[in-house]
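For reference, the structure is listed below as structure tokens.
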Amino acid sequence: MSTTSSRGGAADAANPAASGFRRMWHDLEAIGLDPGTGGYKRLAWTREDSDLREWFAGQCAERGLDLTTDRMGNQWAWWGDPDAAVAAGDPGVVIGSHLDSVPNGGAFDGPLGVVGSLAAVDVLRARGFAPARPIGVVNFADEEGARFGVACAGSRVITGALGPDRARGLTDRDGVSMAEAMRRAGRDPDRIGRDDEALARVGTFVELHVEQGRALVDLGHAVGVGSDIWPHGRWRFDVPGQANHAGTTRLEDREDAMLGLAAAVIAARRAAQAHGCVATVGKVHVEPGGVNAIASCATGWLDARGRDAEAVLRVVSDVRTVVDEFDGLVTQESWTPTTDFDAALVRRMATRLGGLPVIGTGAGHDAGILANDGIRTAMLFVRNPTGVSHSPDEWAAADDCVAGITALADVVTDLAGAGA
């Protein structure tokens, strides 16, 4: 995470957006870092996740923010009284993101939004801003879904998009259920479920995030406003076979599950090209997993996305047809339709921030889950010159991060000020 200083521009240390951001960024640098690859492993409900949650709680206490935790363990820090605002019919303005990562992930996806939101609070206070409605900073749990397979689990559970029984029963690659992982982390999985009390406090949510593509690079802007999230989903496909000896079993006698897996992977690529989408099989599991053993079962996970929902579902249908030929089974694990952010809010932000570009994204976010639950929502993206994400090569220059923080502070001033 130190790449912000070693590779970024020279932001003014006297600027509270820059100085606070650099300090907090440095504090997080070692948590979950693999020095060999430069990537991060911060999976939900692990020791690293606990360290991150403790760090967030400490930062909130340092700023005098009131920290609460909802039924799923998402952390909400408040400047002002959110319940009084709800009673008055004028709920708060919330900013934030997540701190977990994919395996060997980049430093910016998620943490930029959390660190940036805390830094935006510092900017507002340095300006002498007095909010007319409460301001919240949220750290969503298990956004990436890297451990249990369902992205945005923290926001999905509290909005009811992911049922509590299903959430508790999800398992990681070692067979540990989410319920057990939460217990080990000191959480009570019996409490999880939709949380109307937490959601009622959120009048508007604006998520700051590193761009996971190159649109802003091509447009020549450090910051952009998000317009929508493409429809996307995850599907698991299981292909059966029969375990047998790799050296003594004739080819014509084999029932090799890997053949079905390979055919499905190729089918996903061809279907994505045919239907104008993207499709990825980035995770597989094979039984018994021996070099000299024919596979008795092969499981793959398909991630499919595109601008058009029907096109994405056609990709899945094409893959399902191939899996069926091998007597396999395709199971939907998550699906998020096209998510349009609040159009009036998007226009307002783009205009009042000086005509920033408005861009869509193929990446899912907690902002999309809240938007689908009816909350007024938008996003700010910070330029990523590499265009790479979910990789150690993910990056944003320090000056661009500060520009994003300043834009976020301006948005909050507009939305939480007396004249808003």
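In what follows, every heavy atom counts, from backbone to side chain, and hydrogens, waters and symmetry copies are set aside.
A salt bridge links D410 with R127: at least one charged nitrogen is closer than 4.0 Å to a carboxylate oxygen. Classification of D342 and R376 as a salt-bridged pair fails, no side-chain N sitting under 4.0 Å from a carboxylate O. Between R348 and D414 there is a salt bridge, with a side-chain nitrogen of the basic residue lying less than 4.0 Å from a carboxylate oxygen of the acidic one. Under a 4.0 Å N-O distance rule, the pair D49/R47 does not qualify as a salt bridge. A salt bridge links D303 with R305: the closest approach of a Lys/Arg side-chain nitrogen to an acidic carboxylate oxygen falls below 4.0 angstrom. A salt bridge links R184 to E180: one of the charged nitrogens lies within less than 4.0 Å of a carboxylate oxygen. Using a cut-off of 4.0 Å between Lys/Arg side-chain N and Asp/Glu carboxylate O, R236 and E333 are scored as salt-bridged. Between K41 and D34, none of the side-chain N atoms (NZ, or NE/NH1/NH2) sits under 4.0 Å from a carboxylate O, so this pair counts as no salt bridge.
Checked by atom type, the side-chain pair D109/H98 shows a donor-acceptor distance below 3.5 Å. When only modelled atom types and interatomic distance are considered, S155 and D366 share a side-chain donor-acceptor pair under 3.5 Å.
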I'd like a table of donor-acceptor pairs (distance under 3.5 Å, sequence neighbours excluded) in which one partner is a side-chain atom from residues 321-331, with atom names and distances.
unit_1	atom_1	unit_2	atom_2	d
T321	OG1	S317	O	3.0

All N/O donor-acceptor pairs, side-chain side in residues 59-69, below 3.5 Å, sequence neighbours left out:
unit_1	atom_1	unit_2	atom_2	d
Q59	OE1	R63	NH1	2.7
E62	OE2	R23	NH2	3.4
R63	NE	D122	OD1	2.9
R63	NH1	Q59	O	3.1
R63	NH2	D122	OD2	2.9
T68	OG1	W76	O	3.4

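Every side chain to side chain contact (heavy atoms under 4.5 Å, CB included) that A185 has, sequence neighbours left out, goes to W45.
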